[in-house]
*Asks:* 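Before we start, here is the structure in question, set down as structure tokens.
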Amino acid sequence: MWLFIKHLIQLLLSPSRGWDDVSESVLKADEVQRKGFYPLVGVTALSEFFPLVYSHSEGFTHSLVAAIGIACSLFASMYLSKLFLDFFMPKLIDGTLNQNKVSVFVSCMLGLNCIYYTIRNLMPTSMTLLTLMPLLSVIVIFKSTAYMGIKEDNQLNFTGLAIVAVIGIPILISSLILCFM
């Protein structure tokens with residue numbers, strides 16, 4: 001899990017170098033998910049209970065529902081985002097689509113979402129800046145084009161597609177889940 005978190009922090013601090021390190025470490029998608037993403041989803045879900053420490057208006061039941069909702073939305077987003085990218089990406093890349101890279105990309109980008117949610121939950125007040133943190137991912141997505149093997153003239157198309165896949169889909173799913181809970 002620590003290697004995954006190290007990669008995520010490096011992606012935030014220096015996206016180009018971060019993707020180079022992800023590429024050099026030759027990560028297998030199932031290993032990234034099992035040892036990095038899934039434990040991070042658990043930590044993110046547990047962070048939903050942290051507001052109970054500083055806010056007495058939130059009850060345990062509310063935190064439990066929020067934890068289940070966020071975990072479910074991140075799990076569902078993993079597979080729907082990958083399916084979305086698998087469907088639309090083949091015409092944007094040079095050569096054939098590398099399924100492992102798509103899975104690692106989605107895991108890393110959703111891992112960044114986990115970090116954003118956790119930071120938001122640890123703060124005692126609601127700030128607009130914390131709500132807009134997923135927009136930091138746009139830079140990371142744009143810098144991933146070399147890692148993903150995107151043709152130079154399709155970089156903006158890929159960036160838009162990936163924004164929908166790894167930012168839009170998780171927001172939509174979490175909104176739907178929390179509406180019904």
*Asks:* Could you walk me through whether Ile70 and Ser73 pass the side chain to side chain contact (heavy atoms under 4.5 Å, CB included) test, one step at a time?
*Replies:* CA-CA 5 Å; Ile70 197 70; Ser73 72; 3.9 Å; yes
*Asks:* Quick one, Thr118 and Phe50 - any side-chain contact, counting heavy atoms below 4.5 Å?
*Replies:* no
*Asks:* Mind checking whether Phe60 and Phe49 have ring centres under 6.0 Å apart?
*Replies:*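 Between Phe60 and Phe49, the centre distance is under 6.0 Å.
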*Asks:* According to a hydrophobic-cluster definition based on side-chain heavy atoms being under 4.5 Å apart (Ile, Leu, Val, Met, Phe, Trp, Tyr only), do Val138 and Leu85 belong together?
*Replies:* yes
*Asks:* Quick one: does Ser23's side chain have a donor or acceptor within less than 3.5 Å of a partner on Trp19's backbone?
*Replies:*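 Side chain of Ser23 to backbone of Trp19, a donor-acceptor pair under 3.5 Å: no, none is there.
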*Asks:* Given side chains that start at C-beta, do those of Ile163 and Thr159 come closer than 4.5 Å, heavy atoms only?
*Replies:*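 Ile163 vs Thr159: side chains touch.
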*Asks:* Same cluster for Ile93 and Leu156 if Ile/Leu/Val/Met/Phe/Trp/Tyr side chains link at under 4.5 Å?
*Replies:*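 Ile93 and Leu156: separate clusters.
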*Asks:* Does the side chain to side chain contact (heavy atoms under 4.5 Å, CB included) test come out yes or no for Val166 and Ser137, once each step is laid out?
*Replies:* CA-CA 9 Å; Val166 298; Ser137 296; 5.9 Å; no
*Asks:* Can you check whether Met123's main-chain N or O pairs, donor with acceptor, with Tyr54's side chain at less than 3.5 Å?
*Replies:*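 Yes.
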*Asks:* Give the table of side-chain donor-acceptor pairs shorter than 3.5 Å for residues 97-111, with sequence neighbours excluded, one pair per line with atom names and distance.
*Replies:*
{"residue": "Asn98", "atom": "OD1", "partner": "Asn100", "partner atom": "N", "Å": "3.1"}
{"residue": "Asn98", "atom": "OD1", "partner": "Lys101", "partner atom": "N", "Å": "3.3"}
{"residue": "Gln99", "atom": "OE1", "partner": "Lys82", "partner atom": "NZ", "Å": "3.0"}
{"residue": "Asn100", "atom": "OD1", "partner": "Ala29", "partner atom": "N", "Å": "2.6"}
{"residue": "Asn100", "atom": "ND2", "partner": "Leu27", "partner atom": "O", "Å": "2.9"}
{"residue": "Lys101", "atom": "NZ", "partner": "Tyr147", "partner atom": "O", "Å": "3.1"}
{"residue": "Ser103", "atom": "OG", "partner": "Gln99", "partner atom": "O", "Å": "3.2"}
{"residue": "Ser107", "atom": "OG", "partner": "Ser103", "partner atom": "O", "Å": "2.9"}

*Asks:* Would you say Glu152 and Thr145 make side-chain contact, with heavy atoms under 4.5 Å?
*Replies:*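 The answer is no, as the side chains (C-beta and beyond) never meet within the 4.5 Å cut-off.
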*Asks:* Do Gln33 and Met78 have side chains that get closer than 4.5 Å, going by heavy atoms?
*Replies:* yes
